[in-house]
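Notes for the one structure printed next.
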Amino acid sequence: MNMQLVIDYLSTSGMAFGLKILGALAGLFIGRWVIGIIVRLVRRAVEASIPEPTLNKYIGTLVSVLLHIGLFIAILGYFGFETTSFAALLAGVGLAIGTAWGGLLSNFAAGVFLVALRPFKVGDSVTTAGVTGTVSEIGMFLTTIHASDKTIVYVGNNKIFNDNIQNHSANDLRRIDTKLTLLPQQNPIEIMEKISAQLAAMPEVLKTPAPEVGILEVTREGATVAVRPYAADESYQRVLFAANRMIVELIGQPQD
């Protein structure tokens, strides 16, 4: 082997290929920078016309993904690949993957419906798919929920769409539902009056609508009293704990 020919080849073709790699890296860096600017401009435009953070994040993510795919195809074209054939191949591979992983497409479709139908939006407190917390993002495939136990839960959009959705932020208030079963010798009327007086003294219990305290059912084992105060959504847990503690202190022992 003629080493001079190898050296000449590396000094010419190798240098050219190295310059192409540097050009591709520069294109990737500049392209991502431009994509970031475009996504921010799109989000500002959406926010100016439709001030909805849920739609804003969803459209921003969609635009970002599409532009990154375009940037990837452009870099391959820079290296001499036939981009039209690659685009067709990418579409075919995407179709095959989509067919094999139908759940991915179903999550995407469910995300579109969640954004369009808007059963909840970013910032709402919800209970869905067995998770209770605050929605921080509705993505293309997953919805991010900050759970009440301070963990972050990623739930597939399709699972949410096929489950019941409780939007606790849809109204300005929530009702706390708790109950206690009295012993046969305990007077339910007297106890209900005491509970009502205690609820009226709690600062976070709403006066309107007024707390509801009533006999839920009567059996041979005793009367079951329902205690239903109302509170603002952000005060729900505190009022629930305070009401249960008040009942225990008032009755003197936990009740089933």
Side-chain angles (χ1 to χ4, degrees), residues 43 46-47 50-61 107 110-139 141-180 192 194-214 216 224-251 254-256:
R43 285 183 170 177
V46 173
E47 187 176 3
I50 308 175
E52 174 57 61
T54 303
L55 186 62
N56 194 327
K57 287 188 176 182
Y58 193 87
I59 292 179
T61 302
N107 281 326
V112 173
F113 282 113
L114 287 175
V115 173
L117 299 178
R118 294 171 59 181
F120 55 80
K121 62 182 183 299
V122 171
D124 282 354
S125 175
V126 300
T127 296
T128 183
V131 180
T132 298
T134 302
V135 179
S136 64
E137 182 179 1
I138 302 175
F141 305 104
L142 300 171
T143 292
T144 305
I145 300 177
H146 288 253
S148 53
D149 61 355
K150 303 304 180 183
T151 58
I152 299 177
V153 184
Y154 302 94
V155 187
N157 291 333
N158 191 46
K159 187 172 183 179
I160 293 176
F161 195 71
N162 288 326
D163 197 4
N164 294 329
I165 301 173
Q166 290 180 302
N167 189 337
H168 306 303
S169 301
N171 296 319
D172 296 331
L173 55 87
R174 291 180 64 181
R175 190 181 76 183
I176 291 89
D177 287 272
T178 187
K179 62 183 180 180
L180 65 152
M192 286 191 300
K194 291 180 179 179
I195 291 175
S196 298
Q198 291 285 342
L199 290 176
M202 291 183 181
E204 290 189 306
V205 172
L206 298 179
K207 302 300 185 289
T208 305
E212 301 170 4
V213 181
L216 194 62
T224 299
V225 175
V227 181
R228 297 172 178 173
Y230 291 84
D233 180 60
E234 62 271 14
S235 306
Y236 175 82
Q237 289 289 346
R238 293 193 298 273
V239 173
L240 172 62
F241 295 153
N244 284 334
R245 178 169 181 169
M246 176 268 294
I247 290 172
V248 170
E249 292 176 347
L250 183 66
I251 303 302
Q255 301 293 326
D256 297 329

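All figures in this text were calculated on a predicted structure; none of them were measured in a lab.
- Scanning for side-chain contact (heavy atoms from CB on, under 4.5 Å) contacts around N171 gives an empty result, with sequence neighbours left out.
- Looking at residues two or more places apart in sequence or on another chain, you find no salt bridge (charged side-chain N to carboxylate O under 4.0 Å, His left out) involving D163.
- Side-chain contact between I145 and T134 is absent, with no heavy-atom pair separated by less than 4.5 Å.
- Legend: residues meeting side-chain contact (heavy atoms from CB on, under 4.5 Å) with S148, ordered by chain and number and at least two apart, are absent.
- Listed by chain and number, the residues in a side-chain contact (heavy atoms from CB on, under 4.5 Å) with D233 are S125, H168, S169, R174 (sequence neighbours excluded).
- For the side-chain hydrogen bond (donor to acceptor under 3.5 Å, both in side chains) test, residues two or more places apart in sequence or in another chain that qualify with T132 are T127.
- In terms of the ring pair (Phe, Tyr, Trp, His ring centres under 6.0 Å) criterion, Y154 has no residue partners (sequence neighbours excluded).
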(request) List the steps and the verdict of side chain to side chain contact (heavy atoms under 4.5 Å, CB included) for I195 and L250. (result) CA-CA 8 Å; I195 291 175; L250 183 66; 3.4 Å; yes
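- In terms of the ring pair (Phe, Tyr, Trp, His ring centres under 6.0 Å) criterion, Y236 has no residue partners (sequence neighbours excluded).
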Contacts under 3.5 angstrom, residues 197-213 side chains, donor-acceptor by atom type, not counting sequence neighbours:
{"from": "E204", "atom 1": "OE1", "to": "R238", "atom 2": "NE", "distance (Å)": "3.2"}
{"from": "E204", "atom 1": "OE2", "to": "S235", "atom 2": "OG", "distance (Å)": "3.3"}
{"from": "E204", "atom 1": "OE2", "to": "R238", "atom 2": "NE", "distance (Å)": "3.1"}
{"from": "E204", "atom 1": "OE2", "to": "R238", "atom 2": "NH2", "distance (Å)": "2.8"}
{"from": "E212", "atom 1": "OE2", "to": "Y230", "atom 2": "OH", "distance (Å)": "2.9"}

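- D177 and K179 are not joined by a salt bridge, as no carboxylate oxygen comes within less than 4.0 angstrom of a charged side-chain nitrogen.
- A side-chain contact (heavy atoms from CB on, under 4.5 Å) with L114 is found for one member of V135, N158, T143 and no other, namely T143.
- For D149, the side-chain hydrogen bond (donor to acceptor under 3.5 Å, both in side chains) criterion is met by T151, not counting sequence neighbours.
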